[in-house]
Number of protein chains: 2
Amino acid sequence: MRTVTIADVAKHAGVAVSTVSYVLSGKRAISATTRQRVLDSVRVLGYHPNAGARALASKRAKVIALVLPLRAGMNLPVLMQFATSVVTTARQYDHDVLLMTADEGADGLHRVAASALVDGLLLMDVEIHDPRVPLLRKLAEPSVLIGFPADPEGLTCVDLDFAHAGALCADHLADLGHREIALLGAPRVVYERGTGFAERTMAGFVEAARRHGIEADARPCEESFDEIHAAVKLLLDERPGLSGLVVHNEAAAGHVLGALRILGRRVPEDVSVVAICPDDIAERASPALTSVLIPAEDVGRQAVRLLMAKLEGQAVPESTLLEPRLTIRESSR
Amino acid sequence: MRTVTIADVAKHAGVAVSTVSYVLSGKRAISATTRQRVLDSVRVLGYHPNAGARALASKRAKVIALVLPLRAGMNLPVLMQFATSVVTTARQYDHDVLLMTADEGADGLHRVAASALVDGLLLMDVEIHDPRVPLLRKLAEPSVLIGFPADPEGLTCVDLDFAHAGALCADHLADLGHREIALLGAPRVVYERGTGFAERTMAGFVEAARRHGIEADARPCEESFDEIHAAVKLLLDERPGLSGLVVHNEAAAGHVLGALRILGRRVPEDVSVVAICPDDIAERASPALTSVLIPAEDVGRQAVRLLMAKLEGQAVPESTLLEPRLTIRESSR
DNA sequence: GCAGGTCATCGAAGCGCTTCGACGCGAAGG
DNA sequence: CCTTCGCGTCGAAGCGCTTCGATGACCTGC
């Protein structure tokens, strides 16, 4: 059973090959009757256009690259959510997704772009000084970044508005009447890498607290139970008046609650806790955490849309910030 | 700056196009001097073969599909680890990876296979009665499954030996002298879906306990702290003599420790706990968990190897079971 | 009634690569 | 010395598709 080609369809429908092509692409007007005949033949024969041939002739592979970071300190569930929404959205635009890991580096990007394997690139977790950025600027293939490098000039970047997310937490706690609050952030290594989002959250948090005229304090936070326990204890010892805690570290959120329990602080009676994390983690915790959602799905969807727009040659904004959303649950009052 | 083609390389090196092709593919002998000249030209011009053209002419896309499940109850970190190792290993074989989600179903598989977008398929999380299995049997493109359907006849399947993993936990606890043990498994929905691995773990666990002549009990386990707390309490009430607990649910492992702490049971003094989970989760817990590793990386690597062997036309075993490995940490004695 | 315009369709020229058969040349064998 | 055989290389024929220009057929309007 040889594979069905466009020529088979053409013969079966009694038309020229080019007519079949035009029916399928819609790039020229075709009479309703012919169109229907062709479509029927396609169905009957079970025709699927050969991707390679199509790519070769049209110079469009209908594939985009998704470059995921796969390092320590990354938040895996969020990453998966993001990847899923990218794939799903791309399919809506009739594109497929080639999965790459960041460890192929700039060479890898160059390879898939130069070989015309993909039409465009989506990069996650771009760093402040990312060696791939100069390449992206040069590349003919359009790209969209998740996260912001130092200089987004000439690029297209999408991200959650982390500064706003941090501010939202501070606002919420301030509105509840807390006068002394703190933020526990990502592991130290994340700050050292300069991924940006962690700093921006802290900055937004501190700035909002200042605006409210309340005491705020922000520090990195490791992810093992013992380190978290120690960190929380230290924080409570140093700042006896502390009554509001923001956790921007999903792996840590559960452990922070455990530590507070052990240290004899009730949540939310003694300490209000707000997490910046996906909803499922917040809901699974006990008490359920008031949280600011990291809208991974929105980011993925938006990133693909922007990339598709660029593929169509449309102009798109250099920077797109997605608004965070606060959901109040049981851990704050 | 037009993109560099093989013809440009040929001209630059002063040879025929076919010679360049043979140098690059190694399918015919080429003299060392010519080879070097061609290779130099390739480097100088920055030539990258056009993927579409190559696929069209050679009928090999050098791309494999990776189909990930994206449903509730899945373990995301393991999934990511697995995906990473698939991508990395595929690259070693000079292949790229097309990411698909299971929600495209059998049609999606058919599409990518029929369009020659991919040369082979890797499916994760195959269910006992998976509607995609009949299609896979029919497809010309080779495939490898992670997990086992009811009838693996004619397929190629890889998985961790979950029965052995369950048994290993029971053996370990029995060897430590525990006479009454229990297993907390995946959420109920996973069993209902019939993914297989969860049942096999339980079966292996129960069977091993029977062999040792000790009391064992195995039940599903939800993932919220409150439900876990309730489940652990119930278990301890029902079975006062219980001194060994196996947790086969990574999202739950931390919560189980928390619940035991609240219920006043010390680990490992009162209750020994063994988890079946990735090492990082086990190490991050407090006390660090004795655990059986789910070797996601090995599974991914092995799956790609098998797929590559099939692409080469080699015969491969229908079923490959990876041996679990027990790491003793602080939570059992 | 015929120039001019539309609309639907066709044929053919590539797209950049692999691969097959052919060919020339020097070495080996009789 | 002539035949035979590899080895290294070349040329050309596709692979299956898109797209451009061309071609009729048919309609419109003066």
Side-chain angles (χ1 to χ4, degrees), chain A residues 2-39 41-42 45-63 94 111-119 140, chain B residues 2-39 41-42 45-63 94 111-119 140:
Chain A
R2 219 184 79 277
T3 110
V4 183
T5 74
I6 197 174
D8 300 328
V9 175
K11 196 179 302 169
H12 186 272
V15 299
V17 162
S18 49
T19 302
V20 176
S21 177
Y22 285 125
V23 165
L24 263 20
S25 72
K27 293 197 176 172
R28 276 195 189 181
I30 296 290
S31 69
T33 61
T34 305
R35 165 199 262 51
Q36 197 50 60
R37 202 143 32 87
V38 169
L39 258 20
S41 298
V42 165
L45 300 180
Y47 169 68
H48 285 264
N50 179 292
R54 190 211 278 283
L56 179 56
S58 69
K59 310 200 156 306
R60 295 297 232 92
K62 296 238 194 189
V63 176
D94 197 22
R111 178 180 64 84
V112 296
S115 67
L117 230 190
V118 305
D119 302 324
Chain B
R2 220 183 80 277
T3 112
V4 183
T5 75
I6 197 174
D8 300 328
V9 175
K11 196 178 302 168
H12 187 271
V15 298
V17 163
S18 49
T19 301
V20 176
S21 176
Y22 286 125
V23 166
L24 263 20
S25 72
K27 294 199 177 172
R28 278 197 188 177
I30 297 288
S31 69
T33 61
T34 306
R35 164 199 262 51
Q36 198 50 60
R37 202 142 32 87
V38 169
L39 258 20
S41 299
V42 165
L45 301 179
Y47 169 68
H48 285 264
N50 178 292
R54 189 211 277 285
L56 179 57
S58 69
K59 310 198 156 309
R60 294 301 230 88
K62 297 241 196 186
V63 175
D94 197 22
R111 177 179 66 83
V112 295
S115 66
L117 229 190
V118 305
D119 302 325

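Nothing here was measured: the structure is a model prediction, and the numbers come from that model. Chain naming here is simple, since letters A, B, ... match the order of the sequence lines and numbering starts at 1 in each.
Within residues 6-18 of chain B, the residues that place at least one heavy atom under 4.0 Å from DNA chain C are, in residue-number order, I6(B), V17(B), S18(B). A heavy atom closer than 4.0 Å to some atom of DNA chain D occurs in K27(A), R28(A), these being the qualifying members of residues 27-36 of chain A.
Applying the ring pair (Phe, Tyr, Trp, His ring centres under 6.0 Å) rule to H48(A) yields the partners H110(B); only residues at least two apart in sequence or on another chain are considered. Every salt bridge (charged side-chain N to carboxylate O under 4.0 Å, His left out) that R111(A) has, sequence neighbours left out, goes to E104(A), D96(B). Residues meeting the side-chain contact (heavy atoms from CB on, under 4.5 Å) test with A55(A), sequence neighbours left out: A61(A). Residues satisfying the side-chain contact (heavy atoms from CB on, under 4.5 Å) criterion with A116(B), sequence neighbours excluded, are N50(A). With sequence neighbours left out, the side-chain hydrogen bond (donor to acceptor under 3.5 Å, both in side chains) criterion links S115(A) to no other residue.
Sequence neighbours left out, not one pair with a member in residues 46-56 of chain B passes salt bridge (charged side-chain N to carboxylate O under 4.0 Å, His left out). Applying the salt bridge (charged side-chain N to carboxylate O under 4.0 Å, His left out) test to residues at least two apart or on different chains, the pairs with a partner in residues 8-26 of chain A are R2(A)-D8(A).
For the pair V9(A)/V4(A), a side-chain contact is recorded, criterion being any heavy-atom separation below 4.5 Å from C-beta on.
Nucleotides of DNA chain D nearest to Y22(A) and T19(B) differ in position, and the one nearer the 5' end is that of T19(B).
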Check residues 16-27 of chain B and write down every donor-acceptor pair under 3.5 Å in which the side-chain atom is one partner and the other belongs to a residue at least two apart or another chain.
| unit_1 | atom_1 | unit_2 | atom_2 | d |
| --- | --- | --- | --- | --- |
| S25(B) | OG | S21(B) | O | 3.2 |
| S25(B) | OG | K27(B) | N | 3.2 |

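Nucleotides of DNA chain C lying under 4.0 Å from heavy atoms of chain B occupy a range whose first and last members, 5' to 3', are dG16(C) to dA22(C).
For the helix from dG1(C)-dC30(D) to dG30(C)-dC1(D), the axis fitted to the five pairs at one end and the axis fitted to the five pairs at the other end meet at an angle of 40° (nearest 10 degrees).
Rounding to the nearest 0.5 Å gives a distance of 11.0 Å between CZ of R37(A) and NE2 of H12(A).
Across all strands shown, S21(A) has heavy atoms under 4.0 Å from base atoms, whether or not it also approaches the sugar-phosphate.
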